[in-house]
Amino acid sequence: MAISGLERRSEHEWVIPQTGPMRVPAVIYASESLVNAMDAKVFEQACNVASLPGIVGASYAMPDAHWGYGFPIGGVAAFDPTAGGVISAGGVGFDISCGVRTLRTGMTRAQLEAGRERLANELFRTIPAGVGSTTSYRLTGREMDDMLAGGARWAVENGFGRPEDLLRVEEHGCMEGAEPSVVSQRAKERQRDEMGTLGSGNHYLEVQRVVNCYDPEAAAAFGLAEDDIVVSIHCGSRGLGHQIGTEFLREMVIAAPGLGIELPDRELACAPIESPLGQRYLGAMRAGINCALANRQILTQMTREVFARVFPEAQLELVYDVSHNTCKAEPHYVDGRSRGLFVHRKGATRAYGPGHPELPEEYRKAGQPVIIGGSMGTASYILAGTQESEQRAFSSACHGAGRAMSRHAATRQWQGRQVVDELAARGIIVKSRSLRGVAEEAPGAYKEVAGVVEATDRAGLARKVARLEPMIGIKG
DNA sequence: ATGTTC
């Protein structure tokens, strides 16, 4: 079946050939049914990205792609700084380094059941969640700058977690090249008492059980077996990342004409990586990445403290921490030679294959853990990066189910209370301070995560390792 | 995503 403008290259790969202002083709990795269900805006946005200066290879969309600000969410694009390549605030997204980490507890389902209700209550009471949530960890100006430079490493040095955690975080917990001095005072003020908060929207803390190991060897390498209890934390850089995104987006829109950049869409505002503005954004964005890494690290420590009260035997070792909204400098092979590229992944996960030097020793054979968050009430997945992913989309994979309808549409279709009750009937405890938020996040408002993961696996972006089913959800 | 519209 022909889908307007798309050529099918293989079962799970679709191409929009280079035309007009496009500098490279657009490539969509998805099944036929996912492509059919995608908003045409995704294809339009992928083509717009393909027209940006210095783009290398192609503009990619992952199987969970949906309409976003400028770039599609589920979009991947790499740029060569020596060829006028650009960096785009909209290409990273507002929630800089939003991501997810998974902790294994060493507990089985039967052990959890004995105290599940109490654990849910304690987590809900302890983990600050929701719009404008704050904590008592209020940072001084100096501490803020140290946190922005040090990320999760700063958090560990300040008592939040264990040094060995850092081996299982991208960038070993600290994004180098962060420039706290170029982050505005306003961004810092917004973040001052938001460290260790979950936030709202699709962010969550979930207690899950491993229900299926598709690749037992890789699952064992990640410390996972069927019936194990794990905890996943999904959140980002809170007010700070949002403020950085807002400010630089505005500045890039204003600066673009003077930098000789013609924008097909003002939401694609960007600056050459080698320009002073590009460098300033890079320094601020990297500080935003560190903020998110530190935030997830602090939340990890808070979660450990809750478990210590309810299940003292639980261990809570970090499996891995991945970021979904980033632009990172990485070497990639293009046409047989290694080039230093800046890879935007917006709603997309890095998925390094086996043997990559960035990976911790014990994961080097299996490949990078790729954590795919489901919606509340549906499964999450752990995948592993593949060797061929490097040739697909610069070692990238999807990040979640992806929304199937707007938040507004979801609130017309569901009541929060009804969603909570239906999940409870299925044995899933969901706790949230916002019933409207629960309605917006109703499982039915998302694509079928299993189909997205299957397409990701079949497209060769990452391979399935394990499926996780929710047991407790703490929502913003 | 977001002190849910500086």
Q) Can you check whether A:Thr246 has a side-chain N or O nearer than 4.0 Å to OP1 or OP2 of B:dT2? A)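 Answer is no, no contact under 4.0 Å.
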Q: Would you please confirm or rule out a distance under 4.0 Å between OP1 or OP2 of B:dG3 and any side-chain N or O of A:Arg238?
A: yes
Length of the line joining [X]:[atom1] and [N]:[atom2], which is rounded to integer Å:
{"X": "A:Glu440", "N": "B:dT2", "atom1": "CD", "atom2": "P", "value": "12 Å"}
{"X": "A:Glu194", "N": "B:dT4", "atom1": "CD", "atom2": "P", "value": "11 Å"}
{"X": "A:Ile73", "N": "B:dT2", "atom1": "CD1", "atom2": "C1'", "value": "14 Å"}
{"X": "A:His408", "N": "B:dT5", "atom1": "NE2", "atom2": "P", "value": "13 Å"}
{"X": "A:Arg436", "N": "B:dT2", "atom1": "CZ", "atom2": "C1'", "value": "13 Å"}
{"X": "A:Gln191", "N": "B:dT2", "atom1": "CD", "atom2": "P", "value": "10 Å"}
{"X": "A:Glu189", "N": "B:dG3", "atom1": "CD", "atom2": "P", "value": "14 Å"}
{"X": "A:Arg190", "N": "B:dT4", "atom1": "CZ", "atom2": "P", "value": "8 Å"}

Q. Centres of the A:Phe222 and A:Tyr363 rings: under 6.0 Å?
A.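 Centroid distance A:Phe222-A:Tyr363: below 6.0 Å, so yes.
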Q: Assert yes or no for the condition that the ring centre distance of A:Phe94 to A:His242 is strictly below 6.0 Å.
A: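 A:Phe94 vs A:His242: aromatic centres under 6.0 Å.
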Q.
Please classify the nucleic acid contact of A:Gly236 as base, sugar-phosphate, or nothing, using heavy-atom distances under 4.0 Å.
A. nothing
Q: May I ask you to say what A:Arg403 touches in the nucleic acid, namely base, sugar-phosphate or nothing, with a heavy-atom cut-off under 4.0 Å?
A: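 No contact at all - A:Arg403 keeps every heavy atom at 4.0 Å or more from the nucleic acid.
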Is any NZ, NE, NH1 or NH2 atom of the basic residue among [X] and [Y] found under 4.0 Å from an Asp or Glu carboxylate oxygen of the other?
{"X": "A:Glu317", "Y": "A:Arg162", "answer": "no"}
{"X": "A:Arg280", "Y": "A:Glu247", "answer": "no"}
{"X": "A:Glu122", "Y": "A:Arg125", "answer": "yes"}

Q) If you check the A:Arg186 side chain, which of B:dT4, B:dC6, B:dT2 turns out closest? A)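 Among the listed nucleotides, the one closest to the side chain of A:Arg186 is B:dC6.
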(Q) On DNA chain B, compare the nucleotides closest to A:Arg250 and A:Asp95; which residue's is nearer the 5' end? (A)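 Looking at DNA chain B, the more 5' nearest nucleotide goes with A:Asp95.
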